[in-house]
Amino acid sequence: MTQTRSFVLVFIVPLAVFVILGAVIFGGQALSETRGDAEVQQAIAAAVNAGNADVEVVNLQRVDHGYGVCGTYRVTGSDKGFSSFYYETVNKKVVLDTSSQAFQSRCGFSTLCDTF
């Protein structure tokens, strides 16, 4: 009886605590990523005056130690292809001009071209 209780206290309880803690940490990070992507989509939609049209965001890459996001976007239903962007997560500012200093210094070669 005491061996079973000690096994549970020494192995099973700490293992259960680690599993629960890991689920909370990684689940929180996954939810944070999803909210961040939606925030980028909303900022781009506002910057390009998309109105009710959806904005598709792909090829996201975190830069500046997580303080910025580079990637490509396209307004759904538009004839134009994908265009590059840079999003500052601190200031919540979108840079769509690929020749700007902010885009060049942070995204550089991370996106293949302006529009493809």
How about Y73 and V48: do any of their side-chain heavy atoms sit closer than 4.5 Å?
yes

Consider only side-chain heavy atoms of I, L, V, M, F, W and Y, link residues closer than 4.5 Å, and tell whether L15 and V13 are in one cluster.
no

Closest non-hydrogen contact found for Q41 with V57 is CG-CG2, 3.3 Å

Smallest heavy-atom separation, A47 atom then L96 atom, equals CB-CD1, 4.0 Å

Taking every heavy atom of F85 against every heavy atom of C107, the minimum-distance pair comes out as O-SG, 4.2 Å

One pair to check against side chain to side chain contact (heavy atoms under 4.5 Å, CB included): E56 and F82. What are the steps and the verdict?
CA-CA 9 Å; E56 181 183 357; F82 286 89; 4.0 Å; yes

Nearest 0.5 angstrom please: D64 CG to S105 OG, how far?
7.5 Å

Backbone of Y67 reached by a side-chain donor or acceptor of T89 within 3.5 Å
yes

Between V63 and V69, what is the shortest heavy-atom contact and its length?
CG2-N, 4.1 Å

Compare every heavy atom of S100 with every heavy atom of V95, then report the nearest pair and how far apart it is.
CG1-OG, 3.2 Å

Between the side chains of E39 and Y87, is a donor N or O closer than 3.5 angstrom to an acceptor N or O?
yes

Is it the case that the side chain of T72 and the backbone of N59 share a donor-acceptor pair, with hydrogens and angles ignored and the cut-off at 3.5 Å?
no

Hey, are the side chains of F103 and D97 touching, using non-hydrogen atoms and a 4.5 Å cut-off?
no

